[in-house]
Every structure is written in C-alpha cells, then in structure tokens.
Undergrad: 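Structure below; questions to follow.
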Number of protein chains: 2
Amino acid sequence: MTAKDARARALAALAGLLADETRAACLLALLDQRAWTAGELARHAGVAASTLSEHLDKLVAGGLLAEERQGRHRYVRLAGAEVAQLVEDLAARIAPEAVHRPRTLREAGAASAMARGRTCYDHLAGRLGIVVTDALAARGLLRQDTGFALTDAGLAWFDALGIGLDRRSRRPLARACLDWTERRPHLAGAAGAALCRHAFDAGWCVRIGSGRAVRVTAAGERALAELLGIEAAALR
Amino acid sequence: MTAKDARARALAALAGLLADETRAACLLALLDQRAWTAGELARHAGVAASTLSEHLDKLVAGGLLAEERQGRHRYVRLAGAEVAQLVEDLAARIAPEAVHRPRTLREAGAASAMARGRTCYDHLAGRLGIVVTDALAARGLLRQDTGFALTDAGLAWFDALGIGLDRRSRRPLARACLDWTERRPHLAGAAGAALCRHAFDAGWCVRIGSGRAVRVTAAGERALAELLGIEAAALR
DNA sequence: CCCGTGCTTCGGCCGTCGCCGAAGTGCGCC
DNA sequence: GGCGCACTTCGGCGACGGCCGAAGCACGGG
C-alpha cells in the first residue's frame with residue numbers, strides 16, 4: 001500500500017519476465033535484431049510450441065517484444081533499442097565463470113568468430129567494436145576518459161562520412177555498452193547504430209551466416225585503416 | 001548445453017533474484033546507501049523475520065548484498081555502486097503509470113520532498129540532481145548533448161573545488177542516471193558521487209530525517225548560485 | 001476444396017518457491 | 001549466570017508457474 005510497494009511490485013514484475021530460462025534464451029537470441037517466428041524460438045529454446053506461445057504472450061504484454069502476424073506466422077522481435085540495452089546490461093553483469101567453454105571445433109570456430117566481430121543489437125561489438133571505439137578515442141573523436149561522449153571533431157567526422165545523426169531524438173548519441181568477451185566498453189547509442197548501419201551499407205563488413213557474427217571485408221580493412229588508422233592485424 | 005543455455009541460465013538466475021516483490025522492496029530500500037538490519041527490512045517489507053532471513057541469504061549468495069554481522073544483528077547493504085546502478089536502471093524502466101499517487105497529506109509532503117531533492121545511492125537526484133546537471137552542462141563543464149562526459153573545464157572545476165576524482169579507477173567518471181521523477185538524466189558515476197559527498201561535507205545540503213530525501217541549506221543555495229549560477233527558485 | 005502446417009487454447013501435472021510459526025542458537029545485558 | 005532479543009533453521013502448507021499433449025483454429029498451397 002505504500003509507494004515502495006507499488007514500485008517493488010513493478011520491479012519484481014519486470015524482473016520476473018526475465019527470470020525464466022526459456023524467456024531469457026529467447027531474449028538473448030533476439031539480440032541479433034532479427035524477427036524470429038514462434039516456431040524458430042521454440043526449437044531454439046527446446047520447448048513445445050504451446051509453451052513458447054505462452055512465453056511470447058507474456059513478453060509482448062510486458063512490452064519487451066513487438067510482434068507482427070503474417071499469415072500463419074507470428075514474427076517477434078525486441079521492442080526496441082532500450083529493451084536490447086536492458087538485456088545487454090543484465091547479461092554483461094553475469095559472472096565470467098558462467099561463460100561457456102566450447103567443446104567442439106565447430107563451436108570453438110563460431111565462438112572465435114563472434115569474439116572477433118559481431119553486432120550487439122544495432123551496433124558493432126566484440127573485438128571489432130572495441131578497436132573502432134578505441135580508434136575513435138585515440139583520434140580525439142570520442143571522449144572516453146571522463147565519461148562517454150562524441151567530441152565536436154567526432155560530430156564532424158560523422159558528417160564528413162555522410163552518416164546522418166538525428167540529434168533531436170531522445171536516444172543518446174553516444175553510450176557505452178559493456179562487451180561480454182572483451183569486458184570493455186564500446187560505442188552504442190544513435191551514433192553506434194548509425195556507424196554500424198553505414199559499415200554494412202558501405203560493404204565494410206558482412207554477416208557470417210545468419211547469426212550475429214560479422215566479418216570485415218577487404219574494403220572494410222582499407223576504409224578502417226584510412227579513416228581511423230586501424231591496422232588489419234588488430235582485427236584478428 | 002549450448003553457450004546460449006549457460007548464458008540464459010545465468011541471466012534468468014540474476015533476474016530471479018529481483019523477481020520477488022519482497023526482495024525488490026529490500027533492494028529499493030537499500031538504495032539509501034545505509035546498512036539495514038534484517039529486522040528493519042522484515043518490518044519494512046511486511047513479512048516474518050524468518051522469511052526475510054531466507055531472502056537475505058539469496059541476495060547475499062547472488063552477490064547483490066554485502067553483509068556484516070555485529071553481535072546479534074545482521075547488517076546488510078548493497079554490494080556496491082554497480083548493484084545500485086542495476087536496480088536503478090531497472091526501476092527507471094518501469095512504466096510511469098505504476099507510480100504511486102499519494103493519498104494523504106503526509107505522503108504528499110514526503111513525496112514532494114523526495115521530488116525536490118534526494119540521493120540516488122551515492123549521487124544527487126530529483127529536481128536537485130537535474131538542476132545541478134543542467135547547470136554543469138550550461139557552463140560547459142559537462143557534455144550532455146553528444147553523450148555524457150566531463151569536459152576539461154569540468155575537470156578543472158572539480159579540481160578548483162578541491163574535490164578529488166580518482167581517474168584510475170575502473171568506475172566511469174561521469175555516467176547518466178535516469179531520474180524517476182524527472183524522467184531526465186542526471187550526473188552519476190565517480191564524479192557524481194564525489195560531488196554528492198562534497199555537498200554534504202560542505203554543508204550544502206542535509207538529509208531530511210532518515211530517508212533519501214535531501215534539503216538544500218542556505219549555505220548550499222549561496223554556493224550553488226555562486227559556483228553554478230543556480231537560482232534558489234529552481235530548487236523549489 | 002481439402003490437406004498440412006504454424007500457432008493457440010485448454011486441462012492437468014509437477015516442481016519450485018514464498019510464506020509462516022515453532023523451535024533452536026548465539027549474543028548482550030542486567 | 002540467566003533472561004531477552006535478533007536472527008536462523010526446519011517442517012509444512014499453499015499458490016503459482018512452467019511444461020506438455022491433445023484438440024482447435026486459421027491460413028496457404030496444392
């Protein structure tokens with residue numbers, strides 16, 4: 001009945017949405033920014049379709065997922081960058097010991113590809129994300145020592161590249177996102193998303209398969225070297 | 001058995017710690033940065049001492065709380081600023097509709113005092129936090145438009161005030177913390193904590209009662225006006 | 001037009017978890 | 001040294017929630 005109770009109730013309800021292993025697996029899978037069908041998620045999580053249907057109901061009702069019905073398919077994706085950030089933040093906080101050790105060659109290959117470069121919802125992450133972020137900071141385009149913000153030179157750099165940044169949006173331009181594999185922050189926020197989009201549009205990198213892993217192309221290596229002084233060796 | 005499963009398990013376990021109303025109420029209460037006894041929390045949450053004892057076991061085991069035994073008392077507090085940030089982040093995300101409407105005069109008074117000024121674990125929040133943050137930004141001491149970072153002038157300002165900032169710590173110097181009541185970011189991180197500590201040490205503000213609410217003193221109004229050009233009217 | 005497929009609804013099962021009160025432990029105080 | 005208080009442990013209860021399979025829709029393709 002007190003103010004605290006209402007807040008506690010709401011907090012517990014929100015956390016409760018994430019507090020189930022199956023739902024957590026769905027949210028983590030959806031971090032790839034794609035829309036999955038209910039069936040795909042059910043197979044991914046290893047539960048019956050009926051079970052997953054109910055989980056999706058809860059996540060949608062809780063505002064974490066957006067859904068789109070197409071024919072007999074139910075497509076579902078994260079409701080937005082804020083939700084992705086929430087999941088990322090929480091996931092980044094789990095103890096490193098809980099991290100999985102690959103057991104097969106195939107797994108090890110996939111894991112190292114993910115560690116080299118991947119997307120983190122809408123921005124670049126993994127080694128690639130860190131290297132780009134550090135290069136931006138080294139060139140005075142990003143202030144990372146006293147917080148996390150683009151400098152005026154940074155704004156000009158984006159402008160010169162023809163990457164438009166919507167500065168009126170409520171979303172912060174630059175935000176630090178803690179990397180799982182590197183345990184260091186990389187560029188997220190509107191600028192991180194715009195840069196990532198540009199990297200794909202300009203052919204700097206391409207997705208490996210259908211997942212979140214990303215590979216830097218030869219053209220990408222040239223562009224990153226020229227624009228940010230990044231050596232190709234740092235990306236491997 | 002896959003990597004996703006291990007991550008999902010850990011994520012669900014972490015969220016599960018917050019997914020109970022009683023535990024959530026404890027964590028929210030502990031945001032006042034004080035150490036509470038088990039009995040106080042039990043009374044606060046409205047459950048039996050035995051029930052709360054088990055909740056504390058889980059929160060401590062999960063690393064969210066630190067405990068200290070003194071005689072027959074069990075003092076417990078948040079394990080650190082990161083945990084406070086986690087709880088704050090999650091709490092800030094709950095829909096405004098869930099917020100409580102005060103029903104009595106006493107409640108309304110307490111709520112408005114909290115809205116005017118309070119601490120958010122270790123930094124200033126509420127109207128006070130926003131006004132200070134905006135004033136820092138207006139004077140070019142804090143860059144808020146392209147992210148969230150202190151400027152060189154900002155570093156000099158802290159230095160001139162004799163507020164030491166540990167720049168070697170892993171904790172970010174400046175970080176945005178979203179305010180519940182104002183729905184806008186205010187200064188958190190090492191600089192926010194140092195500024196808050198200084199504000200209390202210098203007598204700029206004092207706690208109202210035993211809670212998180214804070215009142216600006218006459219000396220505080222003078223200091224804020226002189227150092228940051230903040231008008232006293234903005235604080236009311 | 002009918003069949004197959006993808007999803008949903010329903011009933012029922014089972015495990016987990018929060019809760020309590022009673023009994024037990026340990027500490028401090030008189 | 002014994003009483004009282006703060007906390008813990010234990011047993012048991014009840015509720016909730018996740019899970020499944022079966023049956024029921026709804027859409028698209030043949």
Side-chain angles (χ1 to χ4, degrees), chain A residues 1 4-5 7-30 34-62 64-77, chain B residues 1 4-5 7-30 34-62 64-77:
Chain A
M1 290 301 155
K4 277 159 223 140
D5 284 352
R7 293 183 52 78
R9 226 188 317 272
L11 177 55
L14 174 58
L17 288 175
L18 307 175
D20 175 81
E21 197 176 318
T22 300
R23 284 195 295 267
C26 292
L27 291 168
L28 288 171
L30 287 162
R34 281 175 38 232
W36 292 51
T37 68
E40 283 170 338
L41 284 171
R43 251 167 283 126
H44 172 79
V47 297
S50 57
T51 301
L52 204 111
S53 174
E54 290 165 2
H55 283 307
L56 292 186
D57 289 343
K58 292 184 187 181
L59 291 171
V60 169
L64 297 187
L65 297 189
E67 69 179 347
E68 197 173 336
R69 311 260 177 168
Q70 270 181 29
R72 37 183 193 189
H73 292 280
R74 180 190 201 176
Y75 284 99
V76 87
R77 56 188 165 73
Chain B
M1 289 301 155
K4 277 158 226 146
D5 282 353
R7 292 183 52 77
R9 227 188 315 274
L11 176 55
L14 174 58
L17 288 175
L18 307 175
D20 175 81
E21 197 177 318
T22 299
R23 285 195 295 269
C26 292
L27 292 168
L28 288 172
L30 288 162
R34 282 176 35 232
W36 292 52
T37 68
E40 284 170 336
L41 285 172
R43 250 166 286 127
H44 172 79
V47 296
S50 58
T51 301
L52 205 111
S53 175
E54 290 166 1
H55 283 307
L56 292 185
D57 287 344
K58 293 184 186 179
L59 291 171
V60 169
L64 298 188
L65 298 188
E67 68 178 348
E68 198 174 334
R69 311 257 176 171
Q70 270 181 28
R72 39 185 189 184
H73 292 280
R74 179 190 202 177
Y75 285 99
V76 85
R77 56 187 165 73

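A, B, ... follow the sequence lines: proteins, then strands. Residue 1 opens every chain. Atoms considered below: every heavy atom in the structure, side chains included; atoms not considered: hydrogens, waters and symmetry mates. This is a predicted model, so every value here is computed, not measured.
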Undergrad: Test: side chain to side chain donor-acceptor pair (under 3.5 Å). Region: residues 46-56 of chain B. Which pairs qualify, not counting sequence neighbours?
TA: B:R23-B:H55
Undergrad: Please enumerate all residues that pass side chain to side chain contact (heavy atoms under 4.5 Å, CB included) together with A:A35, with sequence neighbours excluded.
TA: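 Result, side chain to side chain contact (heavy atoms under 4.5 Å, CB included) vs A:A35: A:Y75, A:R77.
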Undergrad: Can you check each nucleotide of nucleotides 4-18 of chain D against protein heavy atoms at under 4.0 Å and return B for base, S for sugar-phosphate only, - for none, in 5' to 3' order?
TA: BBSSBBB-------S
Undergrad: Under the salt bridge (charged side-chain N to carboxylate O under 4.0 Å, His left out) rule, what pairs show up with a residue in residues 65-76 of chain B, not counting sequence neighbours?
TA: B:D57-B:R74, B:E67-B:R69, B:E67-B:R74
Undergrad: Quick one: list whatever passes side-chain hydrogen bond (donor to acceptor under 3.5 Å, both in side chains) with A:R34, sequence neighbours left out.
TA: A:D32
Undergrad: Whole-Å distance between C:dC19 P and B:L41 CG?
TA: 13 Å
Undergrad: Quick one: side chain to side chain contact (heavy atoms under 4.5 Å, CB included) partners of A:A42, sequence neighbours excluded?
TA: A:L52
